[in-house]
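This report concerns only the one structure given below.
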Amino acid sequence: GVGGPPPRKRTPPSPQKKHRPIPTQQTLGASMLYDELAAHPDPARRVGWRARGDQMLRFSVCCAAVPLSQVESVLDVGCGLGDFSAYLRKRGCTASYLGIDSSPQMITAATARHPGERFACADAEDLGELGRFDLVVACGTFSLRHPQHAQHFQHATAACWAACRKAFVLLVPSERARRHRAAAASPDDEFAYFSMPSLYRSLTALGGYLTVREDFLPTDVCAYLYRDCSPAHQQLREEAVLSEVELAALYLERDLPALALDLLDEQPEDDNAQLQLRRGQALKALNRRKEAREALERALSLDAGMLEARLEREDLG
């Protein structure tokens with residue numbers, strides 16, 4: 001019939017709201033807190049640091065993760081004006097550098113400020129297209145609160161860890177910073193604060209080996225997450241208190257067979273059963289099974305009673 005109410009108009013579903021990128025101290029304009037800093041003559045203040053001294057100290061702490069002479073590539077996540085690149089060059093670092101920031105204004109300013117370096121506008125959660133880097137640094141990148149800060153922090157730190165070959169450095173405000181900020185008592189405080197237990201849980205869940213320090217500023221904590229390097233072992237090597245074979249055994253315990261093998265391959269071929277054992281273990285861990293078997297058999301030919309070599313060879317089948 002023709003009677004009855006008119007058909008109801010179907011409202012199309014609203015598109016899913018996209019979350020804005022993780023706010024960073026370098027993203028001026030993302031927070032009213034930094035509006036007054038945008039025109040500040042001091043570059044350190046323009047990216048939210050209290051003073052240039054604080055900025056330089058934080059850069060120094062970030063660089064302490066690994067010897068810069070062993071770094072060939074650096075990714076600076078939340079680079080702001082790109083001043084970390086200048087700090088690296090001043091330290092004599094010749095590694096390739098890429099700075100990324102979610103703010104196009106920051107990238108434009110960084111490019112003009114450091115014309116010899118590479119910068120790109122990118123989000124911390126999406127680093128897959130950028131490749132991998134020896135050192136990935138996020139200095140102050142997660143210092144501002146976000147409506148879904150925990151989720152973004154988890155995704156972005158996982159992306160940073162996936163992008164690093166040697167070490168990922170994360171520098172954030174600690175819970176102690178609340179005592180140093182008058183705004184902490186206000187619900188409008190936009191800073192994110194990280195407790196040591198929560199930071200430890202988040203980073204150890206990624207894998208690798210973690211070092212945490214908070215000895216440089218009363219407001220900050222810095223974490224080094226290591227993948228294929230070990231500063232502690234490197235220092236021991238420089239101190240020359242252990243033989244290369246003993247040090248290789250420690251590298252193997254740390255699950256760094258490539259470093260152990262590099263160390264052993266520097267040694268002249270000799271009738272050292274322990275050296276051949278460690279070579280075999282390193283080669284086995286690298287899935288170079290034929291070479292591993294040869295090294296283990298060589299160890300047994302030198303010391304027929306070496307139980308560890310026999311068990312390793314039997315495990316190869």
Side-chain angles (χ1 to χ4, degrees), residues 63-74 92-96 131-136 160-169 200 203-213 223-317:
C63 287
V66 290
L68 292 179
S69 61
Q70 300 175 13
V71 173
E72 296 182 0
S73 54
V74 177
C93 179
T94 59
S96 65
R132 299 186 73 203
F133 302 79
D134 286 342
L135 181 64
V136 177
C160 289
W161 176 240
C164 93
R165 277 191 292 258
K166 290 180 179 289
F168 167 41
V169 179
Y200 182 86
L203 295 180
T204 53
L206 297 176
Y209 287 80
L210 178 65
T211 297
V212 180
R213 60 181 296 188
Y224 307 141
L225 195 60
Y226 293 108
R227 190 187 296 278
D228 293 334
C229 66
S230 173
H233 291 69
Q234 180 64 28
Q235 180 178 339
L236 194 60
R237 182 176 182 179
E238 292 169 358
E239 292 171 354
V241 295
L242 294 179
S243 71
E244 286 75 8
V245 175
E246 290 173 313
L247 187 56
L250 292 178
Y251 274 124
L252 290 169
E253 285 187 3
R254 167 66 169 74
D255 195 23
L256 294 172
L259 292 181
L261 189 60
D262 287 345
L263 182 64
L264 295 170
D265 283 347
E266 293 175 5
Q267 309 310 307
E269 285 291 328
D270 60 11
D271 294 338
N272 187 326
Q274 281 291 326
L275 187 149
Q276 296 300 330
L277 167 65
R278 301 310 176 195
R279 283 194 80 252
Q281 290 174 325
L283 289 163
K284 178 185 172 187
L286 294 168
N287 203 31
R288 293 163 58 177
R289 300 174 67 84
K290 181 180 178 182
E291 295 170 90
R293 185 177 290 105
E294 291 172 355
L296 293 169
E297 288 175 353
R298 174 67 176 152
L300 288 169
S301 71
L302 295 168
D303 183 354
M306 185 177 282
L307 178 60
E308 194 174 359
R310 182 177 294 111
L311 293 174
E312 293 281 10
R313 188 185 62 177
E314 290 175 0
D315 191 53
L316 285 170

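We count residues from 1, following the sequence as given. Computed over heavy atoms, backbone and side chain alike; hydrogens, waters and symmetry mates excluded.
- Seen from the ring of Phe133, Arg165 does not count as a face-on cation partner, given the 6.0 Å and 45° thresholds.
- Residue pairs meeting the side chain to side chain donor-acceptor pair (under 3.5 Å) criterion with at least one partner in residues 294-307, sequence neighbours excluded, are Asp271-Arg298.
- For the side-chain contact (heavy atoms from CB on, under 4.5 Å) test, residues two or more places apart in sequence or in another chain that qualify with Ala285 are Pro257.
- The list of ring pair (Phe, Tyr, Trp, His ring centres under 6.0 Å) pairs with a residue in residues 287-317, not counting sequence neighbours, is empty.
- Arg132 and Ser73 make their closest contact through O-OG, 4.2 Å (heavy atoms, listed as atom of the first residue, atom of the second, distance).
- For the side-chain contact (heavy atoms from CB on, under 4.5 Å) test, residues two or more places apart in sequence or in another chain that qualify with Glu253 are Leu250.
- Here CZ of Arg254 is found 12.0 Å from CG of Leu252. Values are rounded to the nearest 0.5 Å.
- Contacts of Arg213 classified as side-chain hydrogen bond (donor to acceptor under 3.5 Å, both in side chains), with partners at least two apart in sequence or in another chain: Asp215, Tyr224.
- Checked against side-chain contact (heavy atoms from CB on, under 4.5 Å), Glu266 has the following partners two or more places apart in sequence or in another chain: Arg237, Leu263.
- Judged by distance alone, with hydrogens and angles left aside, the side-chain atoms of Tyr226 form a donor-acceptor pair with the main-chain N or O of Ala65 at under 3.5 Å.
- One distance of note links OG of Ser230 with CG of Leu256; it measures 6.5 Å at 0.5 Å rounding.
- Judged as a ring pair (Phe, Tyr, Trp, His ring centres under 6.0 Å), not a single pair has a partner in residues 282-317 (not counting sequence neighbours).
- Under the ring pair (Phe, Tyr, Trp, His ring centres under 6.0 Å) criterion, no residue pair touches residues 266-312, with sequence neighbours excluded.
- In terms of modelled atom types and a separation under 3.5 Å, the side chain of Arg227 and the main chain of Cys164 share a donor-acceptor contact.
- Contact record, Asp228 with Leu259: O-CD1, 3.9 Å, taken as the closest heavy-atom pair.
- Electrostatic pairing of Asp134 and Lys166 does not count as a salt bridge here, judged by no charged N lying under 4.0 Å from a carboxylate O.
- How far CG of Leu296 is from CD of Gln276: 9.0 Å, rounded to the nearest 0.5 Å.
- Closest heavy-atom contact between Ala260 and Ala282: CB-CB, 4.5 Å.
- Among residues two or more places apart in sequence or in another chain, the side-chain contact (heavy atoms from CB on, under 4.5 Å) test is passed with Ser243 by Val245, Glu246.
- A search for ring-ring contact (aromatic ring centres under 6.0 Å, His included) contacts involving Tyr251 returns His233, not counting sequence neighbours.
- You'll find the side chain of Asn272 stays beyond 4.5 Å of the side chain of Leu302, heavy atoms only.
- For the atom pair Arg288 CZ and Leu261 CG, the distance stands at 5.5 Å (nearest 0.5 Å).
- Inter-residue side-chain proximity for Leu135 and Val66 is flagged as met; some heavy-atom pair is nearer than 4.5 Å.
- Among pairs with a residue in residues 291-313, none fulfils ring pair (Phe, Tyr, Trp, His ring centres under 6.0 Å), at least two apart in sequence or across chains.
- Applying the salt bridge (Lys or Arg N to Asp or Glu O under 4.0 Å) test to every pair with at least one member in residues 306-317, sequence neighbours left out, gives these pairs: Arg278-Glu308, Lys284-Glu312, Lys284-Asp315.
- We find the CD-OG distance between Glu72 and Ser96 to be 8.0 Å, quoted to the nearest 0.5 Å.
- The side-chain heavy atoms of Cys63 and Leu68, taken from C-beta on, include a pair separated by under 4.5 Å.
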